[in-house]
Amino acid sequence: MTRIITSFIDGEFQPAEGARLFDKRSPVDGRVIARIAEAPQAEVDRAVRAARAALRGDWSRMTVEQRAAMLHAVADEITRRFDDFVAAEMADTGQPSHVMTHVFIPRGAANFKIFADVVKNVPTESFRMDTPDGRGALNYAIRKPKGVIGVICPWNAPFLLMTWKLGPALACGNTVVVKPSEETPLTAALLGEVMAKVGVPKGVYNVVNGFGPKSTGEFVTTHPQIDAITFTGETRTGTAIMKAAAEGLRDVSFELGGKNAGIVFADADFDAAVDGIFRSAFLNTGQVCLGTERVYVERPIFERFRDALKAKVEAVKYGRPEDHASTYGPLISQEHRDKVLGYYQRAVDEGATVVTGGGVPDMPADLKGGCWVQPTIWTGLGDDASVVREEIFGPCCHLRPFDSEDEVVALANDNVYGLSTTIWTQHLARAHRMAERIEVGITWINAWFLRDLRTPFGGSKQSGIGREGGVHSLEFYTETRNVCVKL
Ligand SMILES: O=C(O)C(=O)/C=C/C=C/O
């Protein structure tokens, strides 16, 4: 019997009777692994009303300490059900177990803990002012929840990215209506079980599944009782959400697309740089917004680096995620696979040298229905080639030699996106100079995807709006009010 996932509203999963169901297929082999209830407008409205009612209920009467303790309890329950979350995310995404157990799922608990601790320790400001009568006045700021937050989640790191938004949203006393990607509904549903188990007041956490335009996503972002919208995903979708948010003047927090540069200088720790660029280009089958799709290598080591990266790519092990020997998974869907293969073809049409990959692997019969593509490396393209400029969001990268710091800074900045960069050099001063000059939100030096959750995180240019992380998240998830008392 195929599992049915329904909306989670006001602390309960909704009945499936009468719901319009759509298939969730495994990216590994194409099998239907669940049927998902698409939430119509009326159900989204019920979810928003439940979230609004919860704002005025027990949740709003909790002290910061009580709310923080409850979020720690959520984190502990996630940890207790760690294997269930790993299994659900593997089923949804097809990504190998080590990616889940070492990278994505541990962040679920961490994202709740960090913000439970931030809200307990963050100061608010106060100013004592002098007045003509000599008696003065006292100003102090207070932070209030923003209200009902619409959380629109992506499919590439579903649980990590959903909880990255839920942690601060709930820690600040808001309530949420979550719309997972239609590709990856399982962990959001599982989190509903956790919220109920922990005793998070009904209506604080609500989940409605469905699609984007003219479906659940649009119903959430256009709902007049949604006070703010946070979204991680493609820039084009972000633009549409921002237009919807303008009606009613709702605030937005966006982490959007990227065309991130990897930069390797000849003095880099060679093996570390090869490993780092390999991870940044091919982890999660290249489906990471922070991932590297264009690699600039200082000319003296270009061929050696190209050959070393090629060897690592050709050593990946395709396979089912639950098979611990697997080191490489499928793309999320046939639609996305077609998009990536379209870029593979365009690269060849534009004259690329295909160093490795460029097509579809010959999979065993039981996996032929999956969304598999070969990890791919190109060289030889001009700086205006589409695979050098446009976000592909797949397991591919273009390598280009460079000769100077100024040249590679100009190359890295020559893009509409500005999310992240990973730079490999042992020249300390140069590393800091580069970090100053490259127009991105996050720069890693001799590292990639190394995350301190207290730091400001977000994109420049068309890679996003706002910064989340540590105290920075409070700017979006609270309203700051000033009180001035005449003494
Ligand atoms: O590490 C994070 O907090 C985060 O947002 C990662 C984003 C990955 C996007 O694909």
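Numbers here are sequence positions counted from 1. Counting convention: from 1, in listed order, for ligands and their atoms alike.
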Taking the cut-offs as 6.0 angstrom to the six-membered ring centre and 45 degrees off its axis, would you call [X] and [Y] a cation-pi pair?
X	Y	value
R451	W164	yes
R337	W372	no
K146	F476	yes

I need the atoms of ligand 1 closer than 4.0 Å to a non-hydrogen atom of [X], numbered in the order shown.
X	value
F449	1 (O), 6 (C)
R451	1 (O), 2 (C), 3 (O)
R107	1 (O), 2 (C), 3 (O)
V288	10 (O)
N156	9 (C), 10 (O)

Is any side-chain heavy atom of T425 closer than 4.5 Å to a side-chain heavy atom of I423? yes

Got the closest protein heavy atom to atom 8 (C) of ligand 1, with its distance? C289 SG, 3.0 Å

Hey, does the side chain of N260 reach the backbone of G291 with a donor-acceptor pair shorter than 3.5 angstrom? yes

Output yes when a side-chain donor or acceptor of E293 lies under 3.5 Å from a complementary backbone atom of F393, and no otherwise.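 Side chain of E293 to backbone of F393: a pair is present.
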
Of the listed options F104, W164, F457, closest to atom 4 (C) of ligand 1 (non-hydrogen atoms):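 Answer by nearest heavy atom: F457.
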
Have a look at ligand 1 and work out which part of L453, if any, has a heavy atom under 4.0 Å from it: side chain, backbone, both or neither. neither

What I want to know is whether E255 and ligand 1 share at least one N or O pair that is separated by under 3.5 angstrom. yes

Whether E255 and K165 form a salt bridge (side-chain N of Lys/Arg under 4.0 Å from carboxylate O of Asp/Glu) is what I want to check.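 Looking at E255 together with K165, the answer is no, because their closest N to O distance does not fall below 4.0 Å.
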
